[in-house]
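Side chains included, hydrogens not; waters and symmetry mates left out as well; all remaining heavy atoms used.
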Amino acid sequence: MTTPTIKLHNTFTGKKEIFQPADPKRVTMYVCGPTVYSYAHIGNARAAVVFDQWFRLLRAVYGETHVAYARNFTDIDDKIIKAHQESGEPIGVITQRYADIYRDDMAGLGCLSPTHEPRATAHIAAMQGLITTLIERGHAYAAEGHVLFDVDSYDAYGKLSKLDRDEIIAGARVEVAPYKRNAADFVLWKPSADNEPGWPAPEAWGVQGKGRPGWHLECSAMIRDVFKTDTIDIHGGGQDLRFPHHENEIAQSCCSGDKGPVDGDVPLARFWLHNGFLNMGEDKMSKSLGNIVLPHDLLKEWDGEVIRWALLSAHYRQPLVWTEKILERSKRQLDRFYRVLNDTAHLERDLEDRELVLKPLQDDLNTPKAYSSLHYIRDNLVKALHENDLHKAGGWRAALLSSGKLMGFFNVDPAEWLKGKAAGEGALDDTAIDALLVERAEARKAKDFARADAIRDELAAQNILIEDGPSGGTWRRG
């Protein structure tokens, strides 16, 4: 059987290419994960959901046991140390708590558990070994307690970000320091203060005292340590990581690998994927603007499938404007699917046909077109049901379920979904709705029709429909 073709936009080449793993029986993907000192924000969640969808697609095409996906935790960082110093809590307690919260929140958004979740502090030996190789090969140097990568030693530096050296120095996030040979040189190892965590450096480096790894170094070492190879198939992350993080990963990995720099090739990863920015209205999220949105908070008001639907509603490489309306719109669309699934719960058929949704996903993860396919399947299910063709309807229902689950949807019992929360901030819960229904019945009995109509309008405003029958009124979410 021929393996379906996946096309993806390779950031490194700037072109859409056919994905060909080095080994179809072991497809490898690494995605930069969170720094665990606080809650993840909705932009972090977009990356997690996008690459979870890539993970699901790769598993569907190559087999669940043939895809290895690593998403790391950065558990040593200046922000983590600051949180420790301000709270007095041990660093391990802080990082464990927020790693657990991150896992739970991303699971709440339908993300599968990665195959590997390496922590930076568990790979210090690999990081030090990588630095030693770079020093020996002339790509790194020690200066004032630091070890830095010499960007002038790597001619291909800037090829991922498409920046020349002047642009890198003028506009990039580089630390200006007098001990650098070049302003663009980046830290591989930094000294630790007495009250900060650190590890002794090998004597051969010529660095005194204890220190800790630079952020860029961590991912290169973890990739090599986890996958036991210099070259993985896919490396992913947010658009903001292209420079300097991923550019620096490439430089240090190429120069320390078995092959060394090879004519500007990128042996670290054969394909690079980056998701677009998430903006709040017209603005990027920032603490200074006070517009940080946390999935941890959203999950208290919205079902995770609603948030996931919203995050995948735009193509992953395009910017996504985040508003309350996108959640409301996503909820309404999911309601339509769940209502049909609930109405056809009596239909059974084992056939699982995901082709209509699989095809657009194979085209650079085109989720908007995949959503269109889900609507097409739903419409055909409704049509078959109206025509009383239960056999065909059963087939469409099975296709809808299997296609939706490929994208992380329709995991809730339809009846529970239609009566459950997932309605957003300020929504009435079931108990409040039942109480209003009782009040409406009493108002009608007392011929207070104005109050009865007001209650109906109040419920209708929250998309709750009342159906009057011989035994009284019942309700459902519309």
Any ion pair linking Asp363 and Lys369 (charged N to carboxylate O, less than 4.0 Å)?
no
Any side-chain donor-acceptor pair under 3.5 Å between His274 and His9?
no
Among Arg71, Arg308, Arg59, which residue meets the salt bridge (Lys or Arg N to Asp or Glu O under 4.0 Å) test with Asp52?
Arg308
Are any of the side-chain heavy atoms of Pro360 and Ser373 separated by less than 4.5 Å?
yes
Charged N to carboxylate O below 4.0 Å: is that the case for Glu196 and Arg212?
yes
Any donor and acceptor pair, going by atom type alone, linking the side chain of Arg270 with main-chain N or O of Gln20 inside 3.5 Å?
yes
Are side-chain heavy atoms of His41 and Val293 found at a separation under 4.5 Å?
no
Tell me every residue that passes side-chain contact (heavy atoms from CB on, under 4.5 Å) with Ser87, counting only those two or more places apart in sequence or in another chain.
Glu89, Ile94
Inspect the contact between Asp77 and Lys82 and indicate whether a charged nitrogen and a carboxylate oxygen are less than 4.0 angstrom apart.
no
Give a yes or no answer on whether the side chain of Ser403 reaches the backbone of Leu400 with a donor-acceptor pair at less than 3.5 Å.
no
What do the steps show when you test His139 against Asp150 for side chain to side chain donor-acceptor pair (under 3.5 Å), and what is the final call?
CA-CA 5 Å; His139 295 292; Asp150 183 356; over 6 Å; no
Would Asp297 and Lys300 pass as an ion pair if we require N to O under 4.0 Å?
yes
In terms of ring plane angle, is the pair Trp215 and His245 parallel, tilted or perpendicular, where the classes change at 30° and 60°?
parallel
Between Asp364 and Arg317, does at least one N-O distance fall below 4.0 Å, as a salt bridge requires?
yes
Establish, from distance only, whether the side-chain atoms of Glu416 and Tyr338 form a donor-acceptor pair under 3.5 Å.
no
Kindly say whether the aromatic ring centers of Phe410 and Trp417 come within a distance under 6.0 Å.
no
Working note: Trp189 + His146, criterion ring pair (Phe, Tyr, Trp, His ring centres under 6.0 Å); need CA distance, chi angles, decisive distance, verdict.
CA-CA 5 Å; Trp189 190 263; His146 298 74; over 10 Å; no
If I compare all heavy atoms of Ala310 with all of Leu320, which pair ends up nearest, and what's the gap?
O-CD2, 3.8 Å
Is it the case that over 12 heavy atoms from other parts of the model lie below 6.0 angstrom from the CZ atom of Phe227?
yes
Excluding sequence neighbours, so at least two apart, what forms side-chain contact (heavy atoms from CB on, under 4.5 Å) with Asp104?
none
Give a yes or no on whether the backbone of Arg181 and the side-chain of Tyr141 come within a donor-acceptor separation of less than 3.5 Å.
yes
Of all heavy-atom pairs between Asn72 and Pro34, which one has the smallest distance, and what is that distance?
O-CD, 3.5 Å
For the residue pair Asn248 and Gln252, confirm or rule out a side-chain donor-acceptor distance under 3.5 Å.
no
Any sub-3.5 Å donor-acceptor pair from Thr28's side-chain atoms to Ile232's backbone N or O?
no
List the steps and the verdict of side chain to side chain donor-acceptor pair (under 3.5 Å) for Thr132 and Glu136.
CA-CA 6 Å; Thr132 297; Glu136 290 174 349; 5.9 Å; no
Should Lys16 and Leu8 be marked as a side chain to side chain contact (heavy atoms under 4.5 Å, CB included) after you check the CA-CA gap, both sets of side-chain angles, and the distance that decides it?
CA-CA 5 Å; Lys16 185 184 287 188; Leu8 48 73; over 6 Å; no
His375: what forms a ring-ring contact (aromatic ring centres under 6.0 Å, His included) with it, not counting sequence neighbours?
Phe337
How about Pro368 and Asn366: do any of their side-chain heavy atoms sit closer than 4.5 Å?
yes
Criterion side chain to side chain contact (heavy atoms under 4.5 Å, CB included) on Phe149 and Val187, from CA distance to verdict
CA-CA 6 Å; Phe149 183 88; Val187 172; over 6 Å; no
Note: Met222 and Pro118 closest approach over all heavy atoms is SD-CB, 3.8 Å
In terms of the angle between their ring planes, are Tyr157 and Tyr154 parallel, tilted or perpendicular, with boundaries placed at 30° and 60°?
perpendicular
Leu299 versus Gly304, closest heavy-atom pair with distance:
CD2-CA, 3.6 Å
Does the side chain of His116 come under 3.5 Å of the side chain of Tyr69 through a donor N or O and an acceptor N or O?
no
Hey, is CG on Asn195 packed in by over 12 heavy atoms from elsewhere, all under 6.0 Å?
yes
Using modelled atom types and a 3.5 Å cut-off, is there a donor and acceptor pairing between side-chain atoms of Tyr371 and backbone atoms of Trp309?
yes
If only atom types and distance count, is the side chain of Thr367 paired as donor or acceptor with the main-chain N or O of Leu312 below 3.5 Å?
yes
Between Arg332 and Asp335 (salt bridge meaning N to carboxylate O under 4.0 Å), is one present in this structure?
no
Nearest heavy-atom pair of Ile76 and Ala120: which atoms, and what distance?
CG2-CB, 4.2 Å
Go through the steps for Gln96 and Arg119 under the test side chain to side chain donor-acceptor pair (under 3.5 Å), then give the verdict.
CA-CA 10 Å; Gln96 185 63 53; Arg119 289 172 173 262; 3.1 Å; yes
Is it true that Ser220 and Ser253 share a donor-acceptor pair across their side chains at a distance under 3.5 Å?
yes
May I have the step-by-step check of ring pair (Phe, Tyr, Trp, His ring centres under 6.0 Å) for Tyr37 and Tyr98, ending in yes or no?
CA-CA 6 Å; Tyr37 70 98; Tyr98 286 110; 7.6 Å; no
Would you say CD of Gln85 has more than 12 non-hydrogen atoms from neighbouring residues, nucleotides or ligands within 6.0 angstrom?
yes
Could you check if a side-chain atom of Cys32 sits within less than 4.5 angstrom of a side-chain atom of His246, using non-hydrogen atoms only?
yes
Do the side chain of Arg242 and the main chain of Leu160 share a donor and acceptor less than 3.5 angstrom apart?
yes
How far apart are the C-alpha atoms of Lys190 and Asp78, what are their side-chain angles, what is the distance that settles it, and do they pass the salt bridge (charged side-chain N to carboxylate O under 4.0 Å, His left out) test?
CA-CA 11 Å; Lys190 62 172 67 176; Asp78 291 345; 3.5 Å; yes
Step-by-step side chain to side chain contact (heavy atoms under 4.5 Å, CB included) determination, Ser313 to Ile326
CA-CA 9 Å; Ser313 60; Ile326 196 174; 3.6 Å; yes
Please check: side-chain N/O of Thr115 versus main-chain N/O of Ala70, any donor-acceptor pairing under 3.5 Å?
no
With under 30° as parallel and over 60° as perpendicular, where do the rings of His235 and Tyr30 fit, or are they tilted in between?
perpendicular
Shortest non-hydrogen contact from Ala40 toward Pro295
O-CD, 3.1 Å
Charged N-O contact under 4.0 Å between Glu117 and Arg103
yes
Determine whether a donor-acceptor pair (N or O, by modelled atom type, separation under 3.5 Å) exists between the side chain of Asp185 and the backbone of Val151.
yes
Check whether any side-chain N or O of Asn279 sits under 3.5 Å from a backbone N or O of Val321 as a donor-acceptor pair, and report yes or no.
no
Output, in order, the C-alpha distance, side-chain angles, deciding distance and verdict of side chain to side chain contact (heavy atoms under 4.5 Å, CB included) for Gln239 and Asn275.
CA-CA 6 Å; Gln239 181 68 28; Asn275 63 275; over 6 Å; no
